[in-house]
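Heads up: the structure comes next, in C-alpha cells.
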Amino acid sequence: MQVEYERCAGIDLHKKTAVTTIMMTHPDGRVEEHTRTFSTMTSDLLALDDWLRAHHVEIVAMESTGIYWRPVFNILEEGRTIILVNAQHMKAVPGRKTDVKDSQWLADLLRHGLLSASFIPPAPIRQLRDLTRYRKTLVQERAREINRLQKVLETANIKLAAVATDVLGKSGRDMLDALIKGGQDPEALAELARGRLRAKLPDLRLALEGRVEPHHRFLLEHILAHTDFLEQSIAQVQQEIDERLVAFQDAVTLIQSLPVQLQAGAATVIAEIGVDMTRFPSDAHLASWAGVSPGNCESAGKRKSGKTTKGNPYLRGVLSEMAWIVSRMKDNYLSAFTIASLDVGARNEPSSR
C-alpha cells in the first residue's frame with residue numbers, strides 16, 4: 001500500500017496519559033517505530049512536543065476523546081498538522097486493543113492516508129465557540145430556574161402564570177417580591193399590576209389567592225436571586241462575545257442580512273462553522289455536518305430510515321429556530337422557498353392506504 005507520510009505519529013489519548021507512536025518509513029521500505037507514554041500534564045505535553053520535533057514529525061493523528069484532546073491539540077498544533085479522528089470512523093477498521101497497539105494502529109492508518117480529519121476551526125473561532133456554548137448553558141439554566149419558580153407557585157396555589165404572560169415581568173416581579181415579604185392580600189397584590197395587565201385585575205385577584213407557606217417564601221427568594229445572577233452572567237458573557245465578534249464583522253453583516261434575526265444567531269453560526277467555507281466541499285456537506293439533511297438508508301429497493309444524524313446540536317438548534325421563524329414570515333424568498341419545499345414533501349408523502 002502506498003505510503004502518504006514518511007514521518008507521522010499516532011496518539012492514543014486518555015484522561016491521564018497520551019500513548020504516542022512515531023512511524024518513520026525509510027527509502028528501502030523499512031519502518032522504524034518509537035513508542036512512548038506521556039502524562040497529560042502541561043510539562044509532559046511540552047516534552048511530547050519536543051520529542052516530535054526531534055524526530056521531525058509534522059503530522060499527527062489522535063482520536064477525539066471527549067474534551068481530553070483539547071489541551072493536547074492546543075500545545076501540539078503550532079508548526080504541524082493535527083488530524084483529529086472521529087472515533088466512530090475507527091470502528092469500521094479492525095484493530096487490536098491495547099493503548100500501545102491503538103497508537104500504532106492510528107500511526108499506521110495515517111501513514112497510508114486512510115484517516116479523514118474532523119473539522120477544527122482556528123483558535124479565535126474556538127475561543128468564541130467556548131463563549132457562545134457557555135452562554136447557551138446559562139440561558140438553559142435560567143429557563144430551568146423559571147420552571148422551578150413556577151412549580152413553587154403552583155404548590156402554593158398561586159396561579160399567576162395563568163393570567164400574566166411573563167411571570168418575571170415588572171408586574172410579576174413586584175408581586176413575587178411582595179409575596180416573599182409576607183404579603184397575602186390578593187387585592188393588594190393585584191394592585192401592583194402595571195400597563196395592560198391592569199385590565200385583568202379580577203382574574204389577578206383570584207390567581208393570587210393561595211396558601212403561601214414560609215418555605216415557599218424561602219424558595220422563591222433564592223430562586224429569584226439565582227435568576228438575577230444568571231441574567232447578570234448572561235449579559236457579561238454576551239458583552240465578551242460582542243467584543244470578539246468585531247474581528248468577524250463582515251460575516252456578522254452577511255448573516256444579519258437574513259430576514260430573521262436572533263440575539264445570539266450570528267455569533268453561534270460563526271462560532272460553530274467559522275468564516276472559511278472552503279472547509280466544506282459544498283452546501284450539502286455543511287448541511288449534513290450540521291445534522292439538518294435527511295439520512296439515507298435503503299436496502300433491496302426499500303427505504304428503511306430517513307432520520308438525520310446528530311450533527312452539531314448547537315448549530316442545528318439555531319438553524320432550526322431560524323427556519324421555523326422564516327416559515328411563519330411572508331413576502332420574502334426564504335419563506336416562499338420553505339413553503340414550496342413543504343408542499344413538495346407533502347405531495348411526495350406515500351399514501352397511508
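A salt bridge does not link E32 to R7: none of the charged nitrogens lies less than 4.0 Å from a carboxylate oxygen. The pair E141-R144 meets the salt-bridge criterion, since a charged nitrogen lies less than 4.0 angstrom from a carboxylate oxygen. Looking at E221 and R217, no side-chain N of the basic residue comes within less than 4.0 Å of a carboxylate O on the acidic one, giving no salt bridge. Under 4.0 Å is where a charged nitrogen must lie from a carboxylate oxygen, and between R111 and D108 at least one such pair does. In this structure, R142 pairs ionically with E231, as a charged nitrogen and a carboxylate oxygen lie closer than 4.0 Å. Between D228 and R173 there is a salt bridge, since a side-chain N of the basic residue sits under 4.0 Å from a carboxylate O of the acidic one. The pair K170-D174 does not meet the salt-bridge criterion, since no charged nitrogen lies less than 4.0 angstrom from a carboxylate oxygen. Ionic pairing of R126 and D130 is not present here: no N-O contact between side-chain nitrogen and carboxylate oxygen is shorter than 4.0 angstrom.
Distance check, rounded to the nearest 0.5 Å: CG of L168 to CG of L224 gives 6.5 Å. Summarising the geometry, atom OG1 belonging to T40 is positioned 9.0 Å from atom NZ belonging to K16; distances are rounded to the nearest 0.5 Å. The OG atom of S39 sits 6.5 Å away from the CG atom of L45 when rounded to the nearest 0.5 Å. Atom CG in L286 sits 9.0 Å away from atom CZ in F119 (nearest 0.5 Å). Taking CD1 of I11 as the start and CH2 of W69 as the end, the distance is 12.5 Å to the nearest 0.5 Å. Atoms OG and CG, on S288 and D283 in that order, are 11.5 Å from each other to the nearest 0.5 Å.
Remark: the backbone N or O of V163 is paired with a side-chain donor or acceptor of K200 at under 3.5 angstrom. Formation of a donor-acceptor pair under 3.5 Å by the H226 side chain with backbone atoms of I223 is not found in this model. Side-chain atoms of R279 come within 3.5 Å of backbone atoms of I120 as a donor-acceptor pair (strictly under, hydrogens ignored). A donor-acceptor distance shorter than 3.5 angstrom exists from the side chain of S118 to the backbone of L84, with no hydrogens or angles considered.
Taking a 6.0 Å sphere around CD of E209, one finds it holds 12 or fewer heavy atoms contributed by other residues, nucleotides or ligands. Within a 6.0 Å radius of CG in D276, other residues, nucleotides and ligands contribute more than 12 heavy atoms. Taking a 6.0 Å sphere around CD of E6, one finds it holds 12 or fewer heavy atoms contributed by other residues, nucleotides or ligands. No more than 12 heavy atoms of other residues, nucleotides or ligands shown are found within 6.0 angstrom of OH on Y134. The 12-atom threshold is exceeded at CZ of F73, counting heavy atoms of other residues, nucleotides or ligands nearer than 6.0 Å. Residue-environment remark: CE (M277) exceeds the threshold of 12 foreign heavy atoms within 6.0 Å. Within a 6.0 Å radius of CD in E78, other residues, nucleotides and ligands contribute 12 heavy atoms or fewer. Annotation for E58: atom CD does not count as buried by contact number, only 12 or fewer foreign heavy atoms lying within 6.0 Å.
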Review point. Does the pair L230 and V139 meet the rule for a side-chain contact (heavy atoms from CB on, under 4.5 Å), with working shown?
Key: CA-CA 8 Å; L230 290 171; V139 171; over 6 Å; no
Review point. For I82 and M62, what are the C-alpha separation, side-chain angles and deciding distance, and is it a side-chain contact (heavy atoms from CB on, under 4.5 Å)?
Key: CA-CA 8 Å; I82 308 293; M62 60 182 178; 3.8 Å; yes
Review point. Between E154 and K151, is a side-chain contact (heavy atoms from CB on, under 4.5 Å) present by the stated rule, with each step listed?
Key: CA-CA 5 Å; E154 285 292 332; K151 288 180 180 179; 5.6 Å; no
Practice item. Please assess D177 against K181 for the test salt bridge (Lys or Arg N to Asp or Glu O under 4.0 Å), listing each intermediate value before the final yes or no. Key: CA-CA 6 Å; D177 289 339; K181 293 176 181 177; over 6 Å; no
Practice item. For side-chain contact (heavy atoms from CB on, under 4.5 Å), just list the numbers for R135 and T268, CA-CA rounded to whole Å, side-chain angles, deciding distance to a tenth of an Å, and then say yes or no. Key: CA-CA 10 Å; R135 182 190 181 280; T268 300; over 6 Å; no
Exercise for review: Tell me, with the steps shown, if Q236 and E240 meet side-chain hydrogen bond (donor to acceptor under 3.5 Å, both in side chains).
Suggested key: CA-CA 6 Å; Q236 292 171 348; E240 181 69 17; over 6 Å; no
**Study point:** H285 and S282: CA distance, side-chain angles, deciding distance, side-chain hydrogen bond (donor to acceptor under 3.5 Å, both in side chains) verdict
**Key:** CA-CA 5 Å; H285 285 79; S282 68; 2.7 Å; yes
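The minimum heavy-atom distance between L110 and C8, with the atom names listed, is CD2-CB, 3.7 Å. Scanning all heavy atoms of the two residues, the minimum distance from A190 to L204 falls at CB-CB, 4.0 Å. The two residues S103 and G10 have their closest heavy-atom pair at CB-O, 3.6 Å. Minimum heavy-atom separation, A290 to L315: CB-CD2, 3.6 Å. A251 approaches I270 most closely through the heavy-atom pair CB-CD1, 3.8 Å. The two atoms that bring I241 and A267 nearest to each other are CG2-CB, 3.7 Å, heavy atoms only.
Residues Y314 and L319 fall into different hydrophobic clusters, defined by Ile, Leu, Val, Met, Phe, Trp and Tyr side chains chained together at heavy-atom separations under 4.5 Å. Residues V326 and I255 share a hydrophobic cluster, clusters being chains of Ile/Leu/Val/Met/Phe/Trp/Tyr side chains in contact below 4.5 Å. There is a path of hydrophobic side-chain contacts, each under 4.5 Å, that joins V167 to I158. One hydrophobic cluster, built from ILVMFWY side chains closer than 4.5 Å, cannot hold both V72 and L115; they sit in different ones. No single ILVMFWY cluster, assembled from side-chain heavy atoms under 4.5 Å apart, contains both F38 and M23.
The side-chain heavy atoms of H34 and M24, taken from C-beta on, include a pair separated by under 4.5 Å. For the pair V60/T20, no side-chain contact is recorded, criterion being any heavy-atom separation below 4.5 Å from C-beta on. Counting only heavy atoms from C-beta outward, the side chains of E145 and L149 never approach each other to under 4.5 Å. With a 4.5 Å cut-off on side-chain heavy atoms, R205 and P202 count as touching. Between V246 and V252, every side-chain heavy-atom pair lies at or beyond the 4.5 Å cut-off. Counting heavy atoms from C-beta outward, V19 and T35 have side chains that approach closer than 4.5 Å. In this structure, the side chains of R133 and E272 come closer than 4.5 Å at one or more pairs of heavy atoms. Side-chain contact check for I22 versus E33: every heavy-atom pair is 4.5 Å or farther apart.
Partner of F218 under the ring pair (Phe, Tyr, Trp, His ring centres under 6.0 Å) criterion, chosen from H222, H215, H216: H222.
Ring to ring, W51 and H55 are close: their centroids are under 6.0 angstrom apart.
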